[in-house]
Q: 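I am attaching a structure below and will ask some questions about it afterwards.
Residue numbers start from 1 in every chain, and the chains themselves are labelled A, B, ... in the order their sequence lines are given, proteins ahead of strands.
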Amino acid sequence: MSIYDTLNREQKEAVITTEGPLLLLAGAGSGKTRVLTHRIAYLIDECGVSPWNILAITFTNKAAGEMRERVDKLIGAEAAHVWVSTFHSLCVRILRRHIDLLGYDADFTIYDTDDQKNVIKAVCKRLNIDTKTYKEKELIREISSAKNELIDVSGYELSAIGDRNRCVYASVYREYQETLRKNNALDFDDLLVKTVELFRAKQEVLNIYQERFQYIHVDEYQDTNTVQFELVHLLAGRYRNLCVVGDDDQSIYKFRGANIRNILDFEHYFPEARVIKLEQNYRSTQTILDAANAVICNNTARKEKSLWTAKGKGDKVRLCQFDSAFEEADFIAEEIQRKVRKGDSYRDFAVLYRTNAQSRLLEEKMIMRGLPYTVVGGTNFYARAEIKDILAYLKTIDNGRDEVAIRRIINIPKRGIGAATLEKLEDFAELRECSLFEAMERADEISGLGKSSAKIRSFVALIRNFRKKALTMTVAELISDVVQSVEYEAYLQDNDPDSADDRLENVDELITKAVVYAETHEEVTLTDFLAEVALVADIDKVEDEDDRVLLMTLHSAKGLEFPQVYLAGMEEGLFPSQMVLFSTDPTELEEERRLAYVGITRAKDQLTLTYARSRMTRGETRYSAISRFVREIPQELLSDESGGTKREDKFFRALKDSDPFGDLTGSFSGSGARGGQADGLYRYREHSEDKQPASGGKPKAFVRRKATAQADKPFITQGIGALNLVAGISKGTQGIQDYVPQFGVGDRVSHTKFGEGEVKAMERVNKDYKVTVDFDQFGTKIMYASFAKLKRV
DNA sequence: CCTACTACGCTTTTT
DNA sequence: GCGTAGTAGG
């Protein structure tokens, strides 16, 4: 009995086809990760390949982590030498070693979208470009797609000749790229582009990695873009042992430059390629698969395949219609609550939706019923203002050339260095061709600074002092020191007392992350930590052990599976989105349909499609027809269980209706006219024009409670009183976490890092608990319940 | 230089 | 409806 006996015939074949290019068309739930991990095991155990020579590339850290774990389990300690990595972190590792050959320093910083926007803003100002006509977002997108297509500045300029608009883009692209270089920074796209540049320019470097990575695996190949394709192509150029795994039906990242042709034309690029299809699905019931197949077969650009399962038919796909999104959300929360009472677990459920904005209503209803849930996505932890502030300090300490970072913190907390002073510094820096920080160091050479001069001096001294400390302190200690030295807590309190506690917790969590990072990595440098932090996605942090309902976008859900799935907001104009409906490019609708396919195939046992006839979007109530994707599912696979709202007749009439938009929406004119009713959907203003004056401070914020409770123990009895319903989560933050302590003084609790201990004291601090725990091994620690994830034992 | 108010734009998806 | 960015006034 070997580990390979559990594989089916196609899977086995994929595992033993180790030499040459291999395209693995792996349908949803067909066990592709199993195949990949077994293939790696086979290479090592049966073919005598050194783990050192194996590379596996994924898109997310989470996927990389999972694969790493499974490979470890399969082959043990040796697996540590297999390189399992995301595209971006692979590139970071390579660039840290060789980027000096391209004229950057090895300690380059990585810019996220927020940083990019700041650079673009400064660039536009410098070039006198009106950001009203040329939107920053638009500019970023244009530059990003150019990079994804491996078009460099000169290439872009060439292609822009004769086109005024594109000439403006070209000038921004050039200036942007020069700014990044000056700041010794790379954006996400650069990480890939520069690696390709490096390989193309330096054959000797490419040789190293071609020799190193003799067997290359790429997961989610359908989502690769041109740069990634080129990167893989270059790496596999010598040995051509390239195994790519993907499903063209799950290609959903075109907006990010993913090129579906990479998978569709694989055999064209590699004529000697073997192609193996994995069509047996181990996840879903036949009914769910039939529904998925029925939807996806409306697409034209795809490789023919058909999923089947040995599982039975299972329940029908349920359709639930509601009058409003409010009722829809309430139904979902109510039903989950009911099912959990009957014995299901929270973690059995996922609610998937098209846009992040939809999470709001759902969250509210979950809170009202006390269901523990996690929202994946939305604002990334590392994109929060307080985290970015601290990271900007670290970046300034680490890389003095990072102007974006300096500008962010130069006056945070307020130290009297305002726009005017900053401008003088910048002028000086430009004149003397030095960095902004150098200009600050030479502040006494700049005339007209007046009192600011002393303030700048003390800022410079502050940063220098941090740099000195950074040599001996751990990252975590350095963060604490920064927070204390600049009196960041007081700054948060002054700025917005309501959110200060939450924000401080986030800062504490950052410290925790630094500690964990140091524990799990050897010889941690500040540079490493900052890079790690820059490349973390939200989905990476979802912990499987947590028993909570997951709310997320369809995009985030890819690769996951749940016994029971709700697809909410199945409406024309929402899903498929309006943008797509108005696009002249029919492939966009196909991408949207693939998204539907991804959503449907997440469900193992039960799939529920919900649809609201009216929905508030951007302050307007919109009425829409049922999604065409629902209509593409054969009626015999559906059952209407609207949970009490008896509307079957009308509902099915709408479904059967030959008018593609049913009787529920108004005229649909694709005339291209904007606004009003011309987009085919009835709209009207819900609110009277004479709004209440915004006196009395803030508009009534959504009532959010940063707590949940077990369904059978309502939160009130947990000691979190009704007062806590008052808005806890403030601007910019999201991701409501469960922290109702399920323990009290005297209880034994366990902590992920510190092990077990006894609760010595608990103190209410605003919306949180400060818990004092005496740990068996680590002594007494005081921590906030909200993020310590203490569990009673 | 900082604060408070207004106006705008946003919502498709994110490594 | 909400958050951000920009502007006017202190």
Q: Which residue, K414(A) or L595(A), contacts DNA chain B at a nucleotide closer to its 5' end, judged by nearest heavy atom?
A: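 Result: K414(A).
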
Q: Hey, can you tell me if Y221(A) and F229(A) have their rings parallel, tilted or perpendicular (30° and 60° cut-offs)?
A: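 Y221(A) vs F229(A) ring planes: tilted.
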
Q: Please give, in whole Å, the distance from dT12(B) P to E592(A) CD?
A: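 My rounded result for the distance is 10 Å.
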
Q: Dump every N/O contact between nucleotides 8-11 of chain B and the protein below 3.5 Å, one line per pair.
A:
unit_1	atom_1	unit_2	atom_2	d
dT11(B)	OP2	K137(A)	NZ	2.0

Q: How would you list, by chain and number, every residue that makes a side-chain contact (heavy atoms from CB on, under 4.5 Å) with A385(A), sequence neighbours excluded?
A: R408(A), R503(A)

Q: Does dT13(B) have F255(A) stacked on its base, where the ring centres are within less than 5.5 Å and the planes differ by under 30°?
A: yes

Q: How about Y488(A) and Y491(A): are their ring centroids closer than 6.0 Å?
A: yes

Q: Check this for me: does the side-chain of R354(A) come within 3.5 Å of the base of dT12(B) through a donor and an acceptor?
A: yes

Q: Test the K395(A)-Y111(A) pair against the cation-pi criterion, namely NZ or CZ under 6.0 angstrom from the six-membered ring centroid and within 45° of the ring axis.
A: no

Q: Where the side chain of H88(A) is concerned, which of dC1(B), dT15(B), dA5(C) is the nearest nucleotide?
A: dT15(B)

Q: What distance, rounded to whole Å, do you find between the two C1' atoms, one in dT12(B) and one in dA5(C)?
A: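 That atom pair is separated by 23 Å.
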
Q: Quick one: which of dT15(B), dT13(B), dC2(B) gets closest to the side chain of H555(A)?
A: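 Nearest nucleotide to the side chain: dT13(B).
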
Q: Any side-chain N or O of T553(A) less than 4.0 Å from the OP1 or OP2 oxygen of dT14(B)?
A: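 Yes, such a contact exists.
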
Q: Check whether Y253(A) forms a cation-pi arrangement with R256(A) (NZ or CZ under 6.0 Å from the six-membered ring centre, at most 45° off the ring normal).
A: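 Yes, cation above the ring, under 6.0 Å and within 45°.
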
Q: Partners of D585(A) by side chain to side chain donor-acceptor pair (under 3.5 Å), sequence neighbours excluded?
A: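 By the side chain to side chain donor-acceptor pair (under 3.5 Å) rule, D585(A) matches K254(A), T587(A).
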
Q: Starting from P on dT15(B), measure out to CG on L90(A) and report it in whole angstrom.
A: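 From L90(A) CG to dT15(B) P: 18 Å.
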
